[in-house]
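Let me begin by presenting the structure, written as structure tokens, before commenting on it.
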Amino acid sequence: MKKHLLTLLASSLLAAGSLAHAEELKIAFADNLSSLDPQLNNFAGDRSAGLFFFDMLVSNYYNKLLPGLATEWKNVDPTTWEFTLRPDVKWSDGQPFTAEDVVFSIERIRKVPGSVAPFTSYVRTIESVSIKDPQTLVFKTTTPNPSLPLNLASVPIVSKHGTENASSEDFNSGKALIGTGPYNLVSFTPGDRFVAQANPNYWGEKVIWDKVDYKYTANAASRTAALLAGDVDVIDKVSVSDLAKLQSEPKVSVFAYNGLRAMILQPSFNPAPSKFITDASGKPLEKNPLLDVRVRKALSLAINRDAIADRILQGGVTVANQWMPDGSIGYNPEIKNIAFDAEQAKALLAEAGYPDGFNLSVHVPTDRYPLAPETIQAVAQFWTRIGVKTSVEVVPWAVYSGAANKNEYAMSVIAWGNGTGEASYAMVSILATNNPDKGMGASNWGRYSNAKHDELLAQVTAEFDDAKREEIMREAATVVMDDVGIIPLFHYKNIWAAKKGLVVKPLSSDRTVPVMVTKE
């Protein structure tokens with residue numbers, strides 16, 4: 001039986017060096033926060049904020065699993081894992097971190113009220129968590145799950161004493177924001193910023209930045225202007241339209257890395273008539289044309305991805321033919337790039353019974369993904385050219401996320417982060433048949449369902465051999481892409497910019513946190 005014992009301290013990778021004295025760091029970030037409750041919503045901005053204040057049992061940093069609140073873990077038998085807890089860890093209010101806190105956290109994450117993007121997929125295979133002794137936890141799973149440590153690297157641990165009678169709003173007020181992480185909350189203004197101070201009781205290596213001003217700045221041009229004016233030290237999600245200007249600026253350094261986040265269109269598989277899919281007169285069609293694989297393939301073939309990548313994203317992305325990027329775990333190199341073929345797209349529509357096309361509305365958030373509205377406007381033009389007259393409705397994220405989660409849109413847009421670094425994450429969250437009770441398909445907004453994919457997901461979940469697991473993931477990629485269950489467009493590059501003298505190195509996917517910023 002494969003045994004996982006890791007003894008390297010995660011904190012050794014949390015800082016590249018130390019300074020003689022503490023300093024302040026100002027960051028302008030792009031992803032809005034729904035809450036400071038780290039278990040409420042699995043959103044990029046919320047995940048970044050959570051890393052200030054909370055820890056996981058396992059840390060997934062620099063694409064490596066490292067000790068967090070657990071110092072080591074081992075697979076006892078196919079459905080049993082033991083985790084050894086780090087001793088002498090204290091919560092920010094001075095109380096000791098205990099095994100009971102972990103048990104509570106696992107149970108709470110299954111039922112956080114008000115969540116529109118739950119973390120339940122990460123705990124879906126956990127049958128029970130028991131306390132063997134004060135420093136040892138025993139996890140029993142419903143099925144063999146070699147990815148349990150990787151799953152737990154996305155489960156924030158909250159305090160039982162501070163959280164069991166608290167609401168998510170109590171985190172925003174600071175009342176329940178009791179963590180074991182490197183920072184403590186000073187103040188939070190929803191929709192604007194939060195200020196954090198170094199946690200003097202942090203169990204890991206002392207952080208470089210004593211105080212951090214973390215300001216939400218949705219507009220990319222405003223983030224760039226703030227950096228150039230010296231108002232902030234670091235910005236994330238640099239707009240490609242500002243890239244050349246920043247690269248030529250002597251006071252600024254730019255850090256660009258190929259990313260995991262995929263821009264994906266999710267067709268609705270709801271068989272009921274939709275007001276967003278109509279005939280020429282505006283009457284909803286009796287049958288949803290998106291249920292026909294020929295229609296979905298036509299829509300995919302009609303998109304000139306290279307043109308979008310070059311003209312709109314200006315090289316800030318890599319064209320996608322599946323949800324994982326080249327070189328990542330589960331990427332299938334045998335899948336060919338999706339051709340741009342408008343004539344074949346028209347032929348497929350005619351074959352499916354829509355020679356004159358139909359009307360379609362696509363919904364996209366206005367304040368979430370870089371250049372998403374502009375991208376979808378281009379997609380709409382390509383689709384209109386093959387007869388699918390497409391309009392674009394741009395919606396604030398606060399409205400969009402709830403409606404998309406309920407499958408109210410005919411075509412939704414998601415930029416999926418693939419944050420675990422392997423294909424099975426999306427298989428569970430955006431491709432599995434939606435089943436909230438089992439933690440499956442939490443972000444499967446179109447309600448895609450494919451029995452073969454689900455069968456492969458069950459296999460990959462239980463397979464301990466890494467090479468076999470990857471082969472299963474690659475097969476799943478072929479199944480989904482042949483079925484056009486989703487329509488991938490591109491993978492974002494992760495681009496940060498900072499004032500000269502600072503170095504930004506990605507910590508985990510496209511999170512933006514102070515521990516990834518050091519001095520030259």
Side-chain angles (χ1 to χ4, degrees), residues 41-44 116-118 121 260-272 274-277 288-303 305 308 320-324 338 360-366 368-369 372-373 375-380 382-383 388 390-395 397 399-419 423 425-436 440-450 453-454 457 476-477 479-492:
N41 287 315
N42 188 18
F43 293 153
V116 296
S121 62
L260 295 169
R261 186 173 296 278
M263 175 63 84
I264 291 170
L265 293 161
Q266 291 180 308
S268 173
F269 289 81
N270 188 343
S274 169
K275 62 182 178 181
F276 301 122
I277 308 177
N288 178 2
L290 301 178
L291 296 175
D292 193 316
V293 66
R294 294 168 295 185
V295 173
R296 300 195 300 274
K297 186 174 182 180
L299 294 176
S300 187
L301 288 170
I303 301 169
R305 290 167 174 78
I308 291 174
N321 59 15
Q322 55 196 283
W323 64 90
M324 295 302 292
I338 302 168
L360 173 67
S361 293
V362 183
H363 289 76
V364 59
T366 183
R368 187 67 177 178
Y369 312 129
T375 295
I376 303 308
Q377 288 287 357
V379 169
F382 287 126
W383 285 353
V388 179
T390 305
S391 61
V392 177
E393 297 195 26
V394 181
V395 184
W397 175 255
V399 176
Y400 176 89
S401 58
N405 183 258
K406 296 175 184 176
N407 191 25
E408 293 180 0
Y409 299 142
M411 184 74 68
S412 54
V413 178
I414 189 170
W416 183 251
N418 290 306
Y425 181 30
M427 290 176 67
V428 172
S429 298
I430 68 171
L431 297 168
T433 299
N434 180 259
N435 188 330
M440 305 288 276
S443 296
N444 183 350
W445 292 339
R447 301 299 188 265
Y448 175 63
S449 181
N450 183 302
H453 167 271
D454 291 350
L457 175 57
V479 168
V480 173
M481 297 319 302
D482 285 349
D483 197 28
V484 199
I486 56 174
I487 302 175
L489 299 179
F490 52 75
H491 291 97
Y492 282 107

Exercise. With a 4.5 Å limit on heavy-atom distance, are the side chains of Val392 and Pro373 in contact?
Worked result: no
Exercise. Would you say Asn405's side chain and Val116's backbone share a donor-acceptor pair under 3.5 angstrom?
Worked result: yes
Exercise. Quick one: does Arg261's side chain have a donor or acceptor within less than 3.5 Å of a partner on Ala415's backbone?
Worked result: yes
Exercise. How long is the gap from OH on Tyr448 to OG1 on Thr433, to the nearest 0.5 Å?
Worked result: 8.5 Å
Exercise. Atom CG of Asp292 and atom NZ of Lys297: how far apart are they, to the nearest 0.5 Å?
Worked result: 12.0 Å
Exercise. Are the side chain of Asn434 and the backbone N or O of Asn444 linked by a donor-acceptor pair below 3.5 Å?
Worked result: no
Exercise. If you take all heavy atoms of Asn41 and Ala117, which pair is closest and at what distance?
Worked result: OD1-N, 3.1 Å
Exercise. Counting distance only, does the side-chain N/O of Asp483 pair as donor-acceptor with the main-chain N or O of Gly485 below 3.5 Å?
Worked result: no
Exercise. Quick one: does Val484's side chain get under 4.5 Å of Leu299's, heavy atoms only?
Worked result: no
Problem set entry | Distance-minimising heavy-atom pair for Glu393 and Ser361 | OE2-OG, 3.8 Å
Problem set entry | Stepwise side-chain contact (heavy atoms from CB on, under 4.5 Å) test for Ser401 and Phe43 | CA-CA 10 Å; Ser401 58; Phe43 293 153; 4.3 Å; yes
Exercise. Nearest 0.5 Å, what's the CG-CG distance between Leu431 and Leu457?
Worked result: 9.0 Å
For this session: Please report the shortest heavy-atom distance between Ile487 and Ser300, naming the atom on each side.
Result: CG2-OG, 3.9 Å
Exercise. Looking only at heavy atoms, which two atoms of His453 and Met427 are closest? And how far apart?
Worked result: CE1-O, 3.3 Å
Problem set entry | Identified side chain to side chain contact (heavy atoms under 4.5 Å, CB included) partner of Val413 from the options Gln266, Met263, Arg368, His363 | Met263
For this session: First locate atom CG of Leu265, then atom CH2 of Trp383, and finally report the distance between them rounded to the nearest 0.5 Å.
Result: 5.0 Å
Problem set entry | Smallest separation among heavy atoms of Ile338 and Met481, with atom names | CD1-CE, 4.5 Å
Problem set entry | Heavy-atom closest pair, residues Val480 and Trp323 | CB-CZ3, 3.8 Å
Exercise. Heavy-atom distance under 4.5 Å between the side chains of Ile376 and Met411, does that happen here?
Worked result: no
Seminar exercise, completed: Separation between OH (Tyr425) and OG (Ser443), nearest 0.5 Å, reads 7.0 Å
Problem set entry | Student check: side-chain heavy atoms of Phe490 and Thr375 closer than 4.5 Å | yes
Exercise. Between CD1 of Ile430 and CD1 of Ile264, what distance do you get to the nearest 0.5 Å?
Worked result: 4.0 Å
Exercise. Under 6.0 Å from the six-membered ring centre of Phe269 and within 45° of its axis: does the NZ or CZ of Arg296 meet both?
Worked result: no
For this session: Starting from the C-alpha separation in whole Å, work towards a yes-or-no answer on side-chain contact (heavy atoms from CB on, under 4.5 Å) for Trp416 and Leu260.
Result: CA-CA 8 Å; Trp416 183 251; Leu260 295 169; over 6 Å; no
For this session: Without swapping roles, check the side chain of Asn288 against the backbone of Ser274 for a donor-acceptor pair under 3.5 Å.
Result: no
Problem set entry | Pair Tyr409 + Tyr400: ring centers closer than 6.0 Å | yes
Exercise. Could you go step by step and tell me if Thr390 and Val379 meet the side-chain contact (heavy atoms from CB on, under 4.5 Å) rule?
Worked result: CA-CA 9 Å; Thr390 305; Val379 169; over 6 Å; no
